[in-house]
Amino acid sequence: MVADQIWTLTLQPQGWTCDTVDALSLLEAALLEGMRIPNSCRNGTCRTCMCQMLSGEISYQIEWPGLSLEEKQDGWILPCVAQACSDVVLDVPAAVNLFSEEN
Ligand code: FES
């Protein structure tokens with residue numbers, strides 16, 4: 001069995017990081033580390049989690065995530081149905097760190 005590739009997910013502007021693997025969506029990986037990206041449906045339709053990818057490569061776990069071609073070209077992604085194919089940096093100013101006492 002081949003071990004999952006481990007990538008680093010970074011949330012900006014906070015600079016928070018966590019590991020992520022193929023089996024997890026970017027949203028799931030962030031939540032496991034207490035980094036709460038705004039979310040609702042978690043199936044790629046409501047667009048609550050929509051954010052911009054500053055760098056990295058992703059693939060989608062569903063065929064038609066709820067984004068227009070223009071939005072995709074502008075770097076918008078849906079992290080609830082996206083998995084990393086490289087280290088990924090997302091711009092999520094509204095993210096909250098559930099493990100931090102400052103929130
Ligand atoms: S949480 Fe609904 S599209 Fe991501």
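Keep in mind that the numbers below use all heavy atoms, side chains included, and drop hydrogens, waters and symmetry copies.
- Inter-residue side-chain proximity for R47 and L67 is flagged as met; some heavy-atom pair is nearer than 4.5 Å.
- A side chain to side chain contact (heavy atoms under 4.5 Å, CB included) with C49 is found for one member of S25, P38, S40, C80 and no other, namely C80.
- No side-chain heavy atom of C18 sits under 4.5 Å from any side-chain heavy atom of L32.
- When hydrophobic clusters are built by joining Ile, Leu, Val, Met, Phe, Trp and Tyr residues whose side-chain heavy atoms come closer than 4.5 Å, directly or via intermediates, I58 is grouped together with L31.
- The hydrophobic cluster containing L24 does not contain V92, counting ILVMFWY residues as joined when their side-chain heavy atoms lie under 4.5 angstrom apart, directly or transitively.
- Closest approach of P13 to D91, counting heavy atoms only: CD-OD1, 4.0 Å.
- Between M50 and E71 there is a side-chain heavy-atom pair separated by less than 4.5 Å.
- The shortest side-chain heavy-atom distance between I62 and N43 does not fall under the 4.5 Å cut-off.
- Transitive grouping of hydrophobic side chains (ILVMFWY, heavy atoms separated by less than 4.5 Å) brings V96 and F99 into a common cluster.
- What you find for Y60 and W76 is that their closest heavy atoms are OH-O, 4.3 Å.
- Between the side chain of R36 and the main chain of L98, no donor-acceptor pair closer than 3.5 Å is present.
- Residues I77 and V81 fall within the same hydrophobic cluster, defined by Ile, Leu, Val, Met, Phe, Trp and Tyr side chains chained together at heavy-atom separations under 4.5 Å.
- A donor-acceptor pair under 3.5 Å is formed between the side chain of D87 and the backbone N or O of T8.
- A donor-acceptor pair is defined here as one N or O able to donate and one able to accept, closer than 3.5 Å; such a pair exists between the side chain of S86 and the backbone of E57.
- Residues W7 and M53 do not share a hydrophobic cluster, defined by chaining ILVMFWY side chains whose heavy atoms lie under 4.5 Å apart.
- Annotation: the span from I37 atom CD1 to L78 atom CG amounts to 11.0 Å, rounded to 0.5 Å.
- The main-chain N or O of D19 is never found under 3.5 Å from a side-chain atom of E33 such that the two would form a donor-acceptor pair.
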Practice item. Determine, stepwise, if the pair Q14 / N97 fulfils side-chain contact (heavy atoms from CB on, under 4.5 Å). Key: CA-CA 9 Å; Q14 302 88 347; N97 192 330; over 6 Å; no

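- Considering CD of Q5 and OG1 of T20, their distance stands at 11.0 Å, rounded to 0.5 Å.
- Not a single salt bridge (charged side-chain N to carboxylate O under 4.0 Å, His left out) links E28 to another residue, sequence neighbours left out.
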